[in-house]
Amino acid sequence: MGSGCVMREEDRPEPGVVEITGVRKLAPDLVVVPDRYALLVPNIGLIGGTHSVLVVETGLGPRNAEKVLEFAAGYAHGRRLYLTTTHFHPEHAFGASVFAGQATYLANRVQADELAAKGAATLEQFRGLGEWVARHLEGVELVVPDVVYDGSCDLDLGGRLVQLRPTGRGHTKGDQVITVPDAGLMFTGDLVEADQFAIFPWFPPYETDVSGVGWIEVMQRLTGENPRVVVPGHGDIGGLERLTDVRDYLRDLRDETWRRRDAGLDEDAAAAEVRAVMIGRHPDWAQPDWIESGVRCLYTEHAA
Ligand SMILES: [Zn+2]
């Protein structure tokens, strides 16, 4: 599905279910299992070298992770397996226990700390989202990554270096991007989504770690790296425009929010007005409820 296509809810594939189908080869020994625009399904990456394969994201809960691990083990064909996750959210990381003993799980320090601090509460929150989500989350065991790195991590897969780097606070506190320099490719996690409004997990007073201001800074930096291929957390793979679209949207969201706040509008009124403005500017984008979450987050923030 290309950008601009209007997706009706009833057209969506079964939510939460990773299907190993439509696997896309983006570079030699580098494939993505696409999310097919299914709710709570991430794009999942496999990056290979001569002796090792890195898996990016687990899928939501152990049953999905079992499918991902089975596919990865077949793909690796005897090579060593590593796992990493772009951030601690359930569809990205809450299948990690399935990989224990089969893959070495690597994560950046802040992500690991965030998982330890908020994993259990996030599990409860997601179970409350619906029966189908709770079903996928049955049997989730929150794990500590095998290797927690400080700074950045260059992982040698054999003839190929992959870079794991925390970005600083954006969609979460502990977002991490994975870049493959020889392919000019970047996995962004939920810092970037295609064809939908940026996901602001802003649920005060429980969850307020997302930062619109931080996120804009992150997008400015990532855009400056000029990747040729961008794999978003959710939605179609694209080029540099995947990054600039999000950067420009977030700047616009900030400016429209702050203009109203500074003119004395209260948060509810600003959220309603900016929602209407943004839907008008992006009529084809899905999940407009995230606009209001973004306004409410930015309303509390100030220029860095
Ligand atoms: Zn997320």
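Read the numbers this way: they start at 1 and go in the same order the structure lists the ligands and their atoms.
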Thr58 (side chain) donor-acceptor with Gly95 (main chain) under 3.5 angstrom:
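Checking the backbone N and O of Gly95 against the side chain of Thr58, a donor-acceptor pair under 3.5 Å is found.
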Counting backbone and side-chain atoms alike, does His87 have an N/O/S atom under 2.8 Å from the Zn ion (ligand 1)?
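Given the 2.8 Å cut-off, His87 counts as a ligand of the Zn ion (ligand 1).
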Residue Asp190, metal the Zn ion (ligand 1), N/O/S under 2.8 Å
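Checking the Zn ion (ligand 1) against Asp190, an N, O or S atom does fall under 2.8 Å.
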Between Gln176 and Thr84, a side-chain donor and acceptor under 3.5 Å
yes
Reference residue Asp268; test salt bridge (Lys or Arg N to Asp or Glu O under 4.0 Å); the match among Arg261, Arg275, Arg296:
Arg296
Given NE2 of His171 on one side and ND1 of His89 on the other, what angle do they make at the Zn ion (ligand 1), to 10°?
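The NE2/ND1 angle about the Zn ion (ligand 1) sits at 90°.
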In sequence, state the C-alpha distance, the side-chain angles, and the governing distance for His234 and Glu91, and then conclude on side-chain hydrogen bond (donor to acceptor under 3.5 Å, both in side chains).
CA-CA 10 Å; His234 302 273; Glu91 77 272 33; 3.0 Å; yes
